[in-house]
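Report on one structure; see the data block that follows.
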Amino acid sequence: MKYSPSTEKNPLPYSPFKSCTVPRPIGWLSSISTDGAENLAPYSQWQNLTFDPPMVMFSANQYPDGRRKDTVRNAEQTGWFVWNMATWDLRDAVNISAMELSPHESEFDRAGVTRSEADLAPGPMVAESPCHFECRYLSTQRLPGESNVGTVDVVFARVERIHVDDSVIGDNGKLDIRTIQPIARMGYFDYTVITETFEMRVPGSSAEAQYGLQGQSA
């Protein structure tokens with residue numbers, strides 16, 4: 001099976017595109033508007049860009065009526081948003097926070113999660129999440145689609161503060177991912193959870209690269 005998405009109809013009952021680009025980390029992003037309205041929403045188009053300095057991106061499709069997502073507007077207007085790690089234990093809260101609520105109804109309350117004050121960002125963080133990035137907004141790249149919902153805002157930001165709960169740091173100084181159990185987005189309505197990991201090191205690479213030390217400050 002093969003087809004050209006721009007000129008041919010998908011021959012399968014469901015599009016394979018999102019099911020091929022998997023698993024996708026979840027950008028569970030909290031932000032606040034200039035008039036104090038909180039927002040918490042998951043984005044499956046989220047990723048780190050570089051590590052020196054640490055930068056991230058997320059992309060948010062418009063609503064069918066052409067409205068832009070609150071997280072995008074909040075980041076642009078306040079200059080900040082926070083990434084909260086989505087985990088197996090928080091999966092229901094993550095899913096609830098994807099609901100479209102009225103502008104002044106808080107997803108924190110609807111999802112039943114606790115607010116935690118950020119150090120730099122003006123909006124709250126999810127206290128139950130084990131890891132957070134406080135992200136300072138850099139820029140937005142708007143990419144037009146073939147429909148309102150296909151048009152996307154790609155938001156770039158710099159990570160200015162990283163929070164990690166001490167309870168998920170192992171004796172070796174690494175995050176214990178099998179204890180954290182992050183969740184990730186698959187295609188359709190499917191998700192996955194990380195419970196197993198394995199290690200591979202590039203043959204012939206330097207010790208710094210093998211141990212992930214390149215680009216880290218002292």
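From a predicted model like this one, the values you see are computed outputs, not experimental measurements.
Counted by atom type alone, Thr71 and Asn39 present one or more donor-acceptor pairs between their side chains at under 3.5 Å. Counting only N and O atoms by type, the side chains of Asp89 and Thr87 include no donor and acceptor under 3.5 Å apart. At a cut-off of 3.5 Å, with distance as the only test, no side-chain donor of Glu107 or Ser97 sits close to an acceptor on the other residue.
We find the CD-CG distance between Gln62 and Asn148 to be 6.0 Å, quoted to the nearest 0.5 Å. The CG atom of Leu40 lies 11.5 Å from the CG atom of Asp70; values are rounded to the nearest 0.5 Å. With values rounded to the nearest 0.5 angstrom, Leu101 atom CG is found 8.5 Å from Ser106 atom OG.
Other members of the cluster containing Tyr14 are Tyr188, with ILVMFWY side chains joined at under 4.5 Å, either directly or via other members.
Counting non-hydrogen atoms of neighbouring residues, nucleotides and ligands closer than 6.0 angstrom, the CZ atom of Arg142 exceeds 12 such neighbours.
Distance alone, capped at 3.5 Å, places no donor-acceptor pair between the Arg110 side chain and the Glu105 backbone. Judged by distance alone, the side chain of Asn61 and the main-chain N or O of Val149 form a donor-acceptor pair under 3.5 Å. Between the side chain of Asn84 and the backbone N or O of Met125 there is no donor-acceptor pair closer than 3.5 Å. A distance-only check finds a donor-acceptor pair linking the side chain of Asp176 to the backbone of Thr179 [under 3.5 Å]. Looking only at distances, a side-chain donor or acceptor of Ser15 sits under 3.5 Å from a matching main-chain atom of Phe17. Between the side chain of Ser30 and the main chain of Pro124, a donor-acceptor pair closer than 3.5 Å is present.
We find that Asp109 and Arg115 are joined by a salt bridge, their nearest charged nitrogen and carboxylate oxygen being less than 4.0 Å apart. A salt bridge links Arg201 with Glu199: at least one charged nitrogen is closer than 4.0 Å to a carboxylate oxygen. Of the charged side-chain nitrogens involved, at least one lies within less than 4.0 Å of a carboxylate oxygen, so that Arg158 and Glu160 count as a salt-bridged pair.
In this structure the side chain of Phe81 never reaches within 4.5 angstrom of the side chain of Asn74, judged on heavy atoms.
For Tyr43, the ring-ring contact (aromatic ring centres under 6.0 Å, His included) partners two or more places apart in sequence, or in a different chain, are Phe58.
Taking hydrophobic clusters as Ile, Leu, Val, Met, Phe, Trp and Tyr residues chained together by side-chain heavy-atom distances below 4.5 Å, Val159 shares a cluster with Val155.
Between Phe133 and Trp83, the ring-plane angle classifies as tilted under the 30° and 60° cut-offs.
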